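See structure below.
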Amino acid sequence: MKSIKPDKQDARTREIRMILNARYPDVKTQLDYKSPFQLLVATILSAQCTDRQVNATTPKLFEKLNTPEAFVDVPNETLEALIRSTGFYKNKSRHIKNCAAALVERFGGQVPASLDDLVTLPGVGRKTANVVLGAVFGIPGIVVDTHVARISRRLDLTRHTDPVKIEFDLMAVIPETEWNDFSLRLIYFGRLFCKARKPECPDCFLNHLCYSEDKRT
DNA sequence: CTCCCGATAT
DNA sequence: ATATCAGGAG
């Protein structure tokens with residue numbers, strides 16, 4: 001377990017962390033799930049889709065299909081119909097079926113507990129893998145979704161647009177023990193205040209630390 | 001880089 | 001009408 005060197009975090013970064021920690025002390029994924037496999041599927045479905053929409057879709061889905069084996073066997077059109085409202089349904093259906101097959105063939109039907117294994121699964125990139133690692137296994141990871149990417153740039157925690165570069169920039173300035181929760185706090189913050197389209201800058205509790213071009217008065 | 005793609009807010 | 005939503009594959 002490597003610890004972050006104090007001199008790598010400037011005072012502003014630390015203040016941003018502290019304020020977010022105080023504002024959102026208890027965070028967890030907003031996706032509903034009852035097993036690691038369900039969270040994996042829900043997270044794949046969440047690509048370019050709100051968690052609310054995913055949560056409206058998954059109960060009926062998992063009522064019919066609740067194991068990797070069941071997803072392997074189901075016809076593509078049936079699965080597409082079940083997940084249609086989450087968008088990108090043809091790709092997601094194929095990804096989930098191939099992912100389920102890979103789980104059965106290579107991981108004994110169990111969701112693997114490492115980033116390297118998870119990203120070998122079809123439809124699973126670093127963002128999805130880090131969501132599952134954090135929520136299910138408690139393994140630290142920065143989750144770079146659209147909110148985290150946008151806010152990290154607005155707060156000048158990174159100047160990159162490539163999600164992987166943003167992930168490593170954040171890992172360098174955030175203590176490893178907070179990687180998961182910090183990601184979730186940025187996501188909460190992004191939904192309520194630092195929105196993509198019309199950010200609530202006048203009411204924002206980080207306004208005094210933000211020099212973004214997107215800032216509104 | 002492009003494509004996938006429905007639901008919602010503005 | 002258009003941008004955006006817990007992205008990933010080819």
Side-chain angles (χ1 to χ4, degrees), chain A residues 20 24 26-33 36-61 71 76-77 79-103 111 115-137 139-154 160-167 170 179-201 212-214 216:
Chain A
L20 282 167
Y24 307 116
D26 299 308
V27 288
K28 63 178 176 60
T29 175
Q30 297 300 110
L31 294 169
D32 297 334
Y33 65 99
F37 178 66
Q38 285 193 0
L39 179 60
L40 182 61
V41 172
T43 309
I44 292 173
L45 289 176
S46 72
Q48 290 294 303
C49 180
T50 61
D51 56 334
R52 200 177 83 91
Q53 194 65 33
V54 174
N55 289 337
T57 303
T58 47
K60 281 173 291 186
L61 174 64
F71 278 83
N76 225 295
E77 309 81 60
L79 183 52
E80 287 179 8
L82 285 167
I83 66 174
R84 182 176 311 275
S85 63
T86 64
F88 294 169
Y89 59 89
K90 286 177 185 287
N91 281 347
K92 287 175 181 175
S93 175
R94 189 171 62 253
H95 289 157
I96 290 169
K97 278 178 62 68
N98 291 339
C99 179
L103 284 177
V111 176
L115 181 66
D116 288 341
D117 283 340
L118 281 165
V119 297
T120 68
L121 297 169
V124 179
R126 298 182 67 91
K127 178 262 174 183
T128 298
N130 277 317
V131 167
V132 173
L133 285 174
V136 173
F137 302 110
I139 295 174
I142 296 284
V143 175
V144 182
D145 70 341
T146 180
H147 292 300
V148 172
R150 178 182 69 253
I151 295 166
S152 297
R153 276 188 270 103
R154 284 180 175 170
H160 287 115
T161 55
D162 173 20
V164 179
K165 290 181 178 174
I166 294 174
E167 183 182 335
L170 292 182
W179 286 353
N180 286 307
D181 285 354
F182 183 77
S183 304
L184 285 166
R185 286 179 184 121
L186 286 190
I187 291 164
Y188 279 47
F189 176 54
R191 279 204 278 256
L192 298 173
F193 288 92
C194 202
K195 297 179 289 187
R197 201 161 331 178
K198 211 179 96 182
E200 308 287 346
C201 305
S212 169
E213 308 255 336
D214 301 339
R216 292 149 39 88

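Source: prediction; values computed, not measured. Below, chains carry the letters A, B, ... as their sequence lines are ordered, and counting in each starts from 1.
Going from atom CD1 of A:Ile187 over to atom P of C:dC5 covers 12 Å, rounded to whole Å. In this structure, A:Asn55 atom CG and B:dG6 atom P are separated by 20 Å, rounded to whole Å. Separating the CZ atom of A:Phe88 from the P atom of B:dA7 is a distance of 13 Å, rounded to the nearest angstrom. For A:Lys198 and C:dC5, the NZ to C1' distance is 17 Å, given to the nearest whole Å. Spacing between atom CZ of A:Arg197 and atom C1' of C:dT2 amounts to 7 Å, rounded to whole angstrom units. What separates CG of A:Leu31 from P of C:dA6 is a distance of 9 Å, to the nearest Å. Between A:Asp162 atom CG and C:dG7 atom P there is a gap of 15 Å when expressed in whole angstrom units. Whole-Å rounding puts the A:Lys127 NZ to C:dG7 P distance at 5 Å.
The base of B:dA7 does not come close enough to the side chain of A:Thr50 for any donor and acceptor atom to sit less than 3.5 Å apart.
No side-chain donor-acceptor contact under 3.5 Å links A:Arg52 and A:Asn55.
Proximity of A:Thr146 to the phosphate of C:dC5: a side-chain N or O atom is located under 4.0 Å from OP1 or OP2. Applying the 4.0 Å criterion to OP1 and OP2 of B:dA7, one finds that A:Arg52 has every side-chain N and O outside that range. For A:Ser183 and C:dA6, the shortest distance from a side-chain N or O to OP1 or OP2 is not below 4.0 Å. OP1 or OP2 of C:dC5 sits under 4.0 Å from a side-chain N or O of A:Arg150.
Residue contacts for A:Leu121: at a heavy-atom cut-off of 4.0 Å it reaches the sugar-phosphate backbone alone, with no base atom in range. Within 4.0 Å of A:Gln53, counting heavy atoms only, lie sugar-phosphate atoms of the nucleic acid but no base atom. Here A:Arg84 lies in heavy-atom contact (under 4.0 Å) with sugar-phosphate atoms only. Using a 4.0 Å heavy-atom distance criterion, A:Val124 is classed as a sugar-phosphate-only contact. The residue A:Ile44 sits apart from the nucleic acid: no heavy atom pair falls under 4.0 Å.
When atom types are taken as modelled, the side chain of A:Lys127 and the backbone of A:Ala47 share no donor-acceptor pair closer than 3.5 angstrom.
Position along DNA chain C of the nearest nucleotide to A:Asp51 versus A:Pro122 favours A:Asp51 as the more 5'-ward residue.
Looking at heavy atoms from C-beta onward, A:Lys97 lies in side-chain contact with A:Asn76 at the 4.5 angstrom threshold. No side-chain heavy atom of A:Thr128 sits less than 4.5 Å from a side-chain heavy atom of A:His95.
Side-chain proximity of A:His95 to B:dA7, C:dA9, B:dC5: nearest is C:dA9. Candidate nucleotides C:dA6, C:dA3, B:dC4 were compared by shortest atom distance to the side chain of A:Lys90, and B:dC4 ranks first. For A:Thr128, the listed nucleotide lying nearest its side chain is C:dG8; candidates were C:dC5, B:dA9, C:dG8.
With both ends at atom C1', the span from B:dC5 to C:dT4 equals 13 Å, rounded to whole Å. Of the C1' atoms belonging to C:dC5 and B:dC4, the separation is 14 Å, rounded to the nearest Å. Rounded to a whole angstrom, the distance from the P atom of B:dT10 to that of C:dA6 is 13 Å.
More than 12 heavy atoms of other residues, nucleotides or ligands shown are found within 6.0 angstrom of CZ on A:Arg216.
Under the side-chain contact (heavy atoms from CB on, under 4.5 Å) criterion, A:Leu184 pairs with A:Val27, A:Asp181, not counting sequence neighbours.
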